[in-house]
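Down below is the structure, laid out as structure tokens.
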Amino acid sequence: MMHYDSIVIGGGSAGLSAAQALARARRQVLVIDAGRPRNRFATAVHNVFGHDDTPPAALLAKGRAELRRYRTASILEAEAASAAPDADGFTIGLADGGTLRTRTLVLACGMRDVLPPLDGLQARWGRSVLHCPYCHGYEVAGQTLGVFAGDAMGLHRAMMLPDWGPTTCFLENGFEPDADTAAKLAKRGVTLERAPVTALLGDAPALAGVRLADGRELPVQALFVGSRVEPVDGLADSLGCAWDAGPLGPHLRVDAFKQTTVPGVFAAGDLSQPMHSVPLAMASGLLAGVGAHQALIVRDLD
């Protein structure tokens with residue numbers, strides 16, 4: 001049974017960043033990568049300094065190549081099925097039945113997006129159905145834009161979107177802005193639409209418009225939807241890590257160097273913070289890698 005200084009579960013931007021920090025500290029580190037990054041539906045990453053407009057797969061391929069240059073680092077294409085404490089750290093069970101041991105553990109397995117129950121959203125996700133104006137607004141600038149709003153976060157997106165294009169805000173499930181917010185939206189030029197959206201129009205992944213419950217069809221070329229997020233697996237729960245509530249869903253409770261409430265278990269990326277983006281994931285991965293290394297030093301001194 002292989003025994004590592006640290007195992008990183010998740011080979012996205014956060015996991016690779018954490019592993020690189022540990023590899024540069026010359027620790028034996030393994031990345032377990034199931035190959036399902038959250039941003040695989042998008043055509044490019046943005047706001048990543050030096051890598052703007054790079055396809056997500058290309059960015060990760062470059063990161064894997066960089067990590068493999070360090071002789072103490074390795075990558076295993078597999079799925080982690082279980083994690084449990086043992087006498088010297090943690091035992092990781094793989095979906096194929098294999099078992100690995102590690103002194104410290106970094107959870108970077110990420111979150112999944114849960115979209116509203118409307119046919120056609122998933123087929124357009126990351127292309128013409130989008131979540132973040134800062135990530136995708138520039139690419140759809142000047143087009144007719146729509147946004148779903150069933151809460152304050154949806155109204156926040158609606159308030160921003162006119163900087164990129166003419167915006168219609170589709171109010172969900174009877175949700176209504178207060179008078180002050182409605183006045184601010186009107187000042188920003190946002191049109192409020194109360195009839196429910198019943199269908200998306202056009203050939204996916206493109207979007208041509210929406211059909212409303214009253215039969216009207218409105219032109220919409222890009223639709224911003226506030227997805228909820230949930231963990232992709234139950235590893236953190238099985239280890240007993242505590243969660244905090246965030247505006248989009250839960251995230252693990254961590255300290256300044258990303259240690260969870262379970263000593264020796266660190267978290268990086270979307271699992272560890274309420275705001276999600278590639279550069280934030282990279283930064284959190286670095287912190288988690290440094291935190292895991294510092295924990296190893298403390299253990300070596302015991």
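Please read these numbers as outputs of a predicted model, since none were measured by experiment. Counting from 1, the numbers follow the sequence of the chain as shown.
- Within a 6.0 Å sphere centred on CG of D178, other residues, nucleotides and ligands contribute more than 12 heavy atoms.
- The two residues A80 and L94 make their nearest non-hydrogen contact at CA-CD2, 4.3 Å.
- Using a 4.5 Å cut-off on side-chain heavy atoms (C-beta onward), T191 and C169 make no contact.
- Grouping the Ile, Leu, Val, Met, Phe, Trp and Tyr side chains by contacts below 4.5 angstrom, directly or via other members, places L212 with F148.
- Residue-environment remark: CG (D237) exceeds the threshold of 12 foreign heavy atoms within 6.0 Å.
- Salt-bridge check for D5 with R299: failed, with every basic side-chain N at 4.0 Å or more from each acidic carboxylate O.
- No side-chain heavy atom of V31 sits less than 4.5 Å from a side-chain heavy atom of S74.
- Put simply, I9 and V229 are part of the same group of oily side chains (I, L, V, M, F, W, Y) that touch within less than 4.5 Å, one to the next.
- When the shell of 6.0 Å around OH of Y70 is examined, it contains more than 12 heavy atoms from other residues, nucleotides or ligands.
- The shortest distance between side-chain heavy atoms of R64 and D33 falls below 4.5 Å.
- For H131 and H136, the distance between ring centers is under 6.0 angstrom.
- A donor-acceptor pair under 3.5 Å is formed between the side chain of R124 and the backbone N or O of A206.
- Counting heavy atoms from C-beta outward, K62 and E66 have side chains that approach closer than 4.5 Å.
- Between the side chain of R101 and the backbone N or O of I92 there is no donor-acceptor pair closer than 3.5 Å.
- One finds no salt bridge joining R157 and D163 here, because no Lys/Arg side-chain nitrogen approaches an Asp/Glu carboxylate oxygen to under 4.0 Å.
- In terms of modelled atom types and a separation under 3.5 Å, the side chain of T167 and the main chain of G165 share a donor-acceptor contact.
- Follow the hydrophobic side-chain contacts under 4.5 Å out from V220 and you reach L118 in the same cluster.
- The two atoms that bring M111 and D270 nearest to each other are CG-CB, 3.7 Å, heavy atoms only.
- Expressed to the nearest 0.5 Å, how far CG of D96 lies from CG of L76 amounts to 7.5 Å.
- Hydrophobic clustering (side-chain heavy atoms under 4.5 Å, transitive across Ile, Leu, Val, Met, Phe, Trp, Tyr) keeps W164 apart from V129.
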Apply side chain to side chain contact (heavy atoms under 4.5 Å, CB included) to F41 and Q122, showing your working. CA-CA 9 Å; F41 303 103; Q122 186 64 59; 3.9 Å; yes
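- Remark: the backbone N or O of A42 is not paired with any side-chain donor or acceptor of N39 at under 3.5 angstrom.
- The environment of R26 atom CZ is sparse: at most 12 non-hydrogen atoms of other residues, nucleotides or ligands sit within 6.0 angstrom.
- Shown here is M153, whose CE atom has more than 12 heavy atoms of other residues, nucleotides or ligands within 6.0 Å.
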Between R127 and T43, does the side chain to side chain contact (heavy atoms under 4.5 Å, CB included) criterion hold? Intermediate values first, please. CA-CA 7 Å; R127 304 299 181 89; T43 58; 3.3 Å; yes
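- The two residues F266 and F257 make their nearest non-hydrogen contact at CD2-O, 3.4 Å.
- Within the 4.5 Å cutoff, the side chain of I32 has heavy atoms near those of the I7 side chain.
- L171 has its side chain out of reach of E193: every pair of non-hydrogen atoms, C-beta onward, lies at least 4.5 Å apart.
- Scanning both residues, S17 and G285, for their nearest heavy atoms gives OG-C, 3.7 Å.
- Atom CZ of F49 is separated from atom CG of N47 by 12.0 Å, given to the nearest 0.5 angstrom.
- F170 and L192 sit in two unconnected hydrophobic clusters of ILVMFWY residues. Membership requires side-chain heavy atoms under 4.5 Å apart, directly or through other members.
- Of the possible donor and acceptor atoms, none in the side chain of T260 sits under 3.5 Å from a partner among the backbone N and O of C241.
- The closest side-chain heavy-atom distance from R36 to R112 is not below 4.5 Å.
- At most 12 non-hydrogen atoms from other residues, nucleotides or ligands lie less than 6.0 angstrom from CZ of R24.
- At a cut-off of 3.5 Å, with distance as the only test, no side-chain donor of S6 or T102 sits close to an acceptor on the other residue.
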Can you check side chain to side chain contact (heavy atoms under 4.5 Å, CB included) on T104 and L296, steps first, answer last? CA-CA 7 Å; T104 60; L296 289 165; 3.7 Å; yes
Begin with the C-alpha distance, continue with both residues' side-chain angles, and end with the deciding distance and a verdict on side chain to side chain contact (heavy atoms under 4.5 Å, CB included) for Y134 and M160. CA-CA 10 Å; Y134 292 112; M160 291 190 291; 3.6 Å; yes
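- Note: L161 CG to L145 CG = 6.0 Å, rounded to the nearest 0.5 Å.
- Residues L239 and L107 are in side-chain contact: their nearest non-hydrogen atoms beyond the backbone lie under 4.5 Å apart.
- A donor-acceptor pair under 3.5 Å is absent between the side-chain atoms of E230 and the main chain of D113, judged by distance alone.
- To the nearest 0.5 Å, atoms NE2 (H251) and NE2 (H276) are separated by 7.5 Å.
- Atom NZ of K184 sits about 11.5 Å away from atom CG of L155, to the nearest 0.5 Å.
- Between V147 and A158 the shortest heavy-atom distance is CG1-CB, 3.6 Å.
- Looking at T168, L121, T144, L130 one by one, the single match for side chain to side chain contact (heavy atoms under 4.5 Å, CB included) with L223 turns out to be L121.
- Side chain of S128 to main chain of P205: a donor-acceptor pair is present (N/O by atom type, distance under 3.5 Å, no hydrogens or angles).
- Of the inter-residue distances, the one linking H51 atom NE2 with S13 atom OG reads 10.0 Å to the nearest 0.5 angstrom.
- Of the possible polar contacts, none joining the T99 side chain to the G93 backbone as a donor-acceptor pair under 3.5 Å is found.
- In plain terms, the two heavy atoms of L252 and A236 that are nearest each other are CD2-CB, 3.8 Å.
- With N173 contributing its side chain and F175 its backbone, the two residues share no donor-acceptor pair below 3.5 Å.
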